[in-house]
**Student:** 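Structure incoming, see below.
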Amino acid sequence: MPKFTAMKKINLLFAMPFVLSMLTGCDFLNFKSTDPGISAPSVESTKDGFVISPTQVSNASYMSIIRYRVSDGSSSASKEDDTLYIVGQITPKQKKQSAYQFTDKYVRPGAYYQYYVRYKVPSGYVFSAATTTYSPQESSSLKEVAVTSHSPVKVFYDSTSTRLYLSADSEDLFITYTDSSGAQETPFSESVSSETSDNDFSLMVALTSSATKQTRLFPMQKSLVTDEFSIVLRDAIPETFYDIDLVVESFTRQETEITLIESTLEDRKELYADENVRGINYHWAIPCDECEVYSVSDEEMVNGNIIKVSSMGDETGTYDFTTPAANMRSATHGIEAEKETVSLDFSGGF
């Protein structure tokens, strides 16, 4: 499975900007509160899913595609509870005049959907109007994809190493595929390793900052030795997430799709060079928010799934022997480069 270096350089502030309140059960975004000044995206139903073309907003740094289900295809259809969530994000890398597109290929035949778009602009967020109702083509083989569990996912947090981890065996986490005939599921670790497409699949954990109420997605790495996903948070989170309460919200599968300016280049290295990458589309499965965090130190459940990451490691017993001149305050004292963050912003909510 290829790992795209161009994608890894992108500042996902998903910064998600993700980071969501990505919980499907928390409709912080009222789907009626869309901006009538921005028209709804156009939607084309194809055998590969819904091709969504957002209205262009010139100063938007990225666009979040938001979807919810409705009860039927009539004009009086009601919104179904707990179905509103961000299905993906378009992150332009090169500014072009032609429209960007996003294919929502993880939908359920027989269901009815409406969409709108949230744009990240310098002043905050603006929203498009919502679309009319669409249903997948009956002849398609599309499936709705969700991260699920038979029981709350048991997550462990080591405050000393700032490592968050969970087992990936079949009793903990599944990918559920639901089509018109029902649902089938596979252990998450298997579903990731068996993918054969050119796209990159990752398990992401959503963390919410108590200070900003912003939720972001961060990638977890699968061990080559054991069935375990983990992340060292001190190395992964932005500085604004240090030394405050963080809530472990949910887990989702992220598919990273590189969109190209030219698609006829033969050499893969040249194909994915920065100058040929027009943008990156992120696709997210319906997240699993059934998780319980346990402390490694005492194996007790952590109240509210709240953890804290210190900006400094354990320095007990260490000293800094310096000359007096080294203790003088300089003009650059205290200035550090910003840590690069993962560009998925779910702030502003679900």
Side-chain angles (χ1 to χ4, degrees), residues 1 7 14 16 18-20 22-25 43 45-52 64-70 80-90 101-115 134-150 153 166 168 170 172-206 217-220 222 229 249-258 280-291 344 346 350:
M1 184 185 309
M7 176 272 290
F14 95 32
M16 232 189 123
F18 193 68
V19 172
L20 311 161
M22 192 178 174
L23 302 182
T24 57
V43 178
S45 180
T46 73
K47 64 179 179 60
D48 297 319
F50 296 124
V51 179
I52 299 161
S64 299
I65 311 302
I66 300 172
R67 185 185 80 194
Y68 53 90
R69 283 205 311 263
V70 293
E80 295 187 359
D81 293 338
D82 301 332
T83 63
L84 176 72
Y85 84 110
I86 298 177
V87 298
Q89 177 177 299
I90 301 173
Q101 292 183 328
F102 180 91
T103 301
D104 185 10
K105 51 191 175 181
Y106 301 128
V107 290
R108 184 189 310 177
Y112 298 88
Y113 299 98
Q114 294 183 3
Y115 294 84
Y134 294 87
S135 186
Q137 294 183 9
E138 292 184 4
S139 60
S140 71
S141 58
L142 302 172
K143 294 180 175 65
E144 189 175 74
V145 178
V147 179
T148 59
S149 177
H150 293 165
V153 180
L166 71 155
S170 60
D172 287 331
L173 213 55
F174 295 87
I175 287 291
T176 299
Y177 303 91
T178 305
D179 58 17
S180 56
S181 62
Q184 63 182 82
E185 58 185 20
T186 182
F188 189 89
S189 56
E190 180 181 321
S191 70
V192 171
S193 61
S194 64
E195 291 293 351
T196 57
S197 76
D198 286 340
N199 294 347
D200 184 36
F201 292 83
S202 303
L203 176 65
M204 311 295 286
V205 58
L217 289 181
F218 300 96
M220 302 189 76
K222 186 176 184 295
F229 289 93
E249 298 278 17
S250 61
F251 297 91
T252 189
R253 186 183 80 162
Q254 174 178 292
E255 176 186 358
T256 303
E257 174 190 4
I258 307 296
I280 296 180
N281 290 351
Y282 300 97
H283 302 258
W284 296 304
I286 296 173
C288 175
D289 56 11
E290 290 293 320
C291 54
L344 295 177
F346 289 78
F350 271 89

**Student:** Cationic tip of Arg253 within the cone over Tyr106's six-membered ring, i.e. under 6.0 Å and within 45° of the normal?
**Tutor:** yes
**Student:** If the plane angle is over 60° it's perpendicular, under 30° parallel, otherwise tilted; pick one for His283 and Phe102.
**Tutor:** parallel
**Student:** We want to know whether Gln114 and Tyr68 form a side-chain donor-acceptor pair, criterion being a heavy-atom distance below 3.5 angstrom.
**Tutor:** yes
**Student:** For residues Ser189 and Lys222, determine if any side-chain heavy atom of one lies less than 4.5 Å from a side-chain heavy atom of the other.
**Tutor:** yes
**Student:** Would you kindly say whether Asp104 and Tyr113 are connected by a side-chain donor-acceptor distance under 3.5 Å?
**Tutor:** no
**Student:** Within the 4.5 Å heavy-atom criterion, are Ile65 and Ile86 side-chain neighbours or not?
**Tutor:** no
**Student:** Hey, is the main chain of Ala285 close enough, under 3.5 Å, to the side chain of Thr252 for a donor-acceptor pair?
**Tutor:** yes
**Student:** Does a side-chain N-to-carboxylate-O contact under 4.0 Å join Arg67 and Glu144?
**Tutor:** yes
**Student:** Do we see a donor-acceptor contact under 3.5 Å between the side chains of Thr46 and Asp48?
**Tutor:** no
**Student:** Tell me whether Gln137 contacts the main-chain N or O of Ser45 through its side chain, where contact means a donor paired with an acceptor under 3.5 Å.
**Tutor:** yes
**Student:** For Phe251, enumerate each residue passing the ring-ring contact (aromatic ring centres under 6.0 Å, His included) test, keeping only those at least two apart in sequence or located in another chain.
**Tutor:** none
**Student:** State, yes or no, whether a side-chain contact exists between Tyr177 and Thr186 at a heavy-atom distance under 4.5 Å.
**Tutor:** yes
**Student:** Can you name the closest pair of heavy atoms from Pro136 and Gly110 and give their distance?
**Tutor:** CD-N, 4.4 Å
**Student:** Suppose we screen for side-chain hydrogen bond (donor to acceptor under 3.5 Å, both in side chains). Which residues come up paired with Gln184, at least two apart in sequence or across chains?
**Tutor:** none
**Student:** Measuring only between side-chain heavy atoms, which start at C-beta, is Val205 closer than 4.5 Å to Leu166?
**Tutor:** no
